[in-house]
Every structure is written in structure tokens, then in C-alpha cells.
Protein chains: 2
Amino acid sequence: METGQRVLVVDDETSIRRYLHAALTAQGFNVYEAADGGEALNAVLAHRPELIILDLGLPDMDGIEVTRRLREWSQTPIIILSVREAEQDKIAALDAGADDYLTKPFGTGELLARMRVVQRRQVTGLNEPVFSTGNLRVDFSRRLVKVDEKEIQLTPTEYDILRILVMHAGKVLTHRQLLRQVWGDGYDDMHILRVNISNLRAKLEPDPARPTYIHTEAGVGYRLKV
Amino acid sequence: METGQRVLVVDDETSIRRYLHAALTAQGFNVYEAADGGEALNAVLAHRPELIILDLGLPDMDGIEVTRRLREWSQTPIIILSVREAEQDKIAALDAGADDYLTKPFGTGELLARMRVVQRRQVTGLNEPVFSTGNLRVDFSRRLVKVDEKEIQLTPTEYDILRILVMHAGKVLTHRQLLRQVWGDGYDDMHILRVNISNLRAKLEPDPARPTYIHTEAGVGYRLKV
DNA sequence: TGGTTTCTTGACGCTTTCTTGACACCCTGC
DNA sequence: GCAGGGTGTCAAGAAAGCGTCAAGAAACCA
């Protein structure tokens, strides 16, 4: 199976690697393993993981050094695992480019939650309570949508779709991304998305047949014009 | 003083607010304060902080609830501070949209380091990897292709081909490599590649008969000029 | 509970995109 | 000149993707 997200686990202890392998595979990840820093760097090149879980104490190279080297060309999120609790170690690792730092022993649930955080952060968006483009205005703090100064009534689903689109305004959102963010995981029914986009356009667009706000990227997804 | 980054500190204990205020001001931040959830939401609207430091135990509203409400329209990074060490609390907060979770007592150095992490991610997310040669511009984060500042509409296949070419700009890509990366293994039909290259050139090149961007290496493959 | 809104699903027609075949072209060598 | 491999262009049919309508199911709200 090649569907899951790729995660690289770097630790010199076989038992920990095996444990994480099992835990992450159960969550649907594709897990790769490396036992030292050199192996880790090669594995990143070979497998292009979307996330790296890295132990600080490696036989050949310090985990901080691995982080620094990776950051020379890669932005892949790195979560550090370590037995070292000293604040100086944490600061050094985070400033070297790590995205998070957990001290062993750690809870699997917390690790997974923090993995979700760094991955969520990968997609960036706008940051204004009020968004507007053309004659479309969306006030998130009041949950209000206006076109030509006229208030538009949206259903929860429609509002959700619009919210996601606005938060990534200008960027193409794939069908999958929209489905996952609006309907949750496990949805892959494009049709339901098409219907809702259609309804949304019927409410927003002056001429729904020639959309000016919600643009279709055929075969890929949708994009909100900016 | 309007130069520093704006940080909102939300905590019901005056002593902690005062302490963080001093520590962060010393680092050059502009610090705003709120004592409960309602105040916090208003303060975000009023001051547009770039970062929020939020205590979980608030008198009027749970910190997780504040996080959830903020996340309905704001992407501003949130770092949770809490005395609660239970894994369930951490997971709930992180999944509600928080970016980090520190348990009190915490080291000021670690807090500052973690603030740097979330802000670093914020910035790196914004600077988009854009490729350009001559009058051709490819913005991968937006899946946008421009020639002479004019937006070009590409089909998924065309975009894929261009993406592969750009990723190896300057180098010759053999027919086989392109076929495999765009159509997957088991494809060896050069004709389909030629047709798609032709269509791509028709959209990109000023004079498709004399291509300036996508160069043909006879008998070998194609190369993107840099 | 009944009535209303909202969501989901299916059917259908339309548009875009992909693939394939036909053919002209440009070299190079004979 | 002409044969032949590699290449570029055009057009047409096939396939996939998309938008709309409508009806039933589900959720919501007095």
C-alpha cells in the first residue's frame, strides 16, 4: 500500500523503533526506519517522508546535528524524542530547526496529536477576521457572508466549504483536502462536493455558469480567486 | 513602541501575566493581556496579535473552548500553558487547534524557543517556492503558471510534465523518465508524450515552432531551459 | 409531533481532457 | 533524391470529470 503518509523513525534502539513502527502503522502511516544519523539522511533522500521522528542520542552523530544538516535543504517537520530533559537541550534542538520536542517516556496519544499539529501547520492560510474579494465579503468573527452588500444565507456545509476556500485563498484545494476538512476523514465522494459547490455558487456568483469567485481546476480541485 | 511583534497573554492570574509581560517585553514583543476567555476573543479582534499564549484554566470559559472559537476564523498560533499534565488534556487542546502545550512550571527559555518555532513555521509557510525562467513563472504552492504575467490554464497532465521538468530544470529528462513519472510504470508510448509536450508548448511558448523553454534533445528526451 | 431546512444520492447532459491515428516535417546517410 | 527513424501538429473519438436538477432521507426546530 502506498496510500499513507510517510514517516521516518530514527532511533538506535531497535525496541523503540519496533514499537513506533507498530503504533504508526496502526494509524495508517507508512513507516521507514533508520538506526543512526547517516542512515537517517539517506532515508530522507530515498523515501521523502512527510514527517521525521528523531532521537537525540544517536551513535554516529548528535540528533541536533542531523536536524541542522536536514534543514539545509529540507523543510520536512521534525519531532525530537529524547531522554534529556534539560532546557538547554530543548532550546538547542528547537532552534536547530526541530518542530517539537518530547521527553521520554512519552504518551503515544500525545505524540500522535503533536504529529497532527505539525502537519496541520504545513498548510498555511490567511489570518484576517474579515476577508473580501470582488463584491464578496466574509466576516468570520460574525459568520456573515455578503455579496454586493446583500447578506447571503449559507447552510453550515456551504459555510464550511467557503471558510476552507478563503483560508487558502488563491491556492488550489484538492478535492481530497476539501472533503477531509469539511466531512472528515474517510470521505472520498467527489459528487457530494460538486453538488455543494454548485449550491454555493448559486448563492454567491452573479452568473453561476461563469464563476468569478470559486474557480474549478479540472481534475484537481477548486480555488478561490483573490 | 510599535515595532515589536504583538503577543496576547491570556491568564487569570495577575502574577503570571505580569511575569510574562516583563519577560516578553524584554525580548522586544508588544504584549497585550486578557484575564478571561471573553476578553481574549475581543483582544484578538482588537489587536490582531501574531501569537497567543493561553492558559487553560480560565474563569468564564475553558481554554480549549477559546481555542476552538478562535480557530473558526483565525490561524494565529496558540501556545497553551497549563498546570494539567494529563495526556487527554494535551491531546484535546492540540486537536482543538493549539500549536503547542507547555505544563507549568515551564522555563522561559523553552517558551521563547517554542514561540520561535511556531513563528518560523508561520513565515516559511508564506514564502512560496516559485520557479521562473525568462517570462515563465511557476508557483507550486498555488499551482499557478504564468507567461508574461498572464495566467495559463494547464490540464493535470500538462502541469505534471511541467512540474517534473521544473524539478530537474537544466537537466535532460529522458522520455522514459518523463513517462514513468507522469504516467507511472509500464508506459513506453513516446507518442503520447510528444502530443502532450506539443500541447504544453502551444500554451507556454511564444513561438511553439521555436521553443525557448522546453528544449528537445533529439533521441534522448526534453530539457527545461534555466 | 409536524413542518421546515439541510444533506445525500441518483440520473442525465454537457464540457474538458486524454488517447489514438494520420500525416507532414526535418534530419542523416545512402 | 529518397528511405527511415525520430519528431511535431492536427483532428476525432473515447473516457473522465463536472454541473445541475430533483427526490428521498436525515437533521433540526419549534
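Residue numbers start from 1 in every chain, and the chains themselves are labelled A, B, ... in the order their sequence lines are given, proteins ahead of strands.
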Acceptor/donor pairs from residues 217-226 of chain B side chains to any protein atom, 3.5 angstrom cut, sequence neighbours excluded:
| unit_1 | atom_1 | unit_2 | atom_2 | d |
| --- | --- | --- | --- | --- |
| B/E217 | OE2 | B/R223 | NE | 3.0 |
| B/E217 | OE2 | B/R223 | NH2 | 2.9 |

* Touch check for B/Y159, heavy atoms < 4.0 angstrom, all strands: base, sugar-phosphate only, or nothing? -> nothing
* Extract, from 5' to 3' on DNA chain D, the first and final nucleotides lying under 4.0 angstrom from some heavy atom of chain B. => D/dG6 to D/dC10
* Which of these, B/L81, B/V44, B/I52, sits in a side chain to side chain contact (heavy atoms under 4.5 Å, CB included) with B/V10? -> B/I52
* Is the shortest distance from a Lys or Arg side-chain nitrogen in B/D139 or B/K146 to a carboxylate oxygen in the other one below 4.0 Å? -> no
* To do: Under the ring-ring contact (aromatic ring centres under 6.0 Å, His included) rule, collect the residues that match up with A/H47, sequence neighbours excluded.
  => A/Y32
* To the nearest 0.5 Å, what is the distance between CG (B/L165) and NE2 (B/H215)? -> 13.0 Å
* To do: Between protein and nucleotides 14-30 of chain C, map the contacts as a letter string: B base, S sugar-phosphate only, - none, heavy atoms under 4.0 Å, written 5' to 3'.
  => --SSSSBBB--------
* Output the distance between atom CZ (A/R48) and atom CZ (A/R6), rounded to the nearest 0.5 Å. => 9.0 Å
* To do: Can you run down the salt bridge (Lys or Arg N to Asp or Glu O under 4.0 Å) pairs that involve residues 198-213 of chain A, sequence neighbours left out, and say none if there aren't any?
  => A/E158-A/K203
* Asked: Who passes side-chain contact (heavy atoms from CB on, under 4.5 Å) against B/Y187, sequence neighbours left out?
  -> B/W183
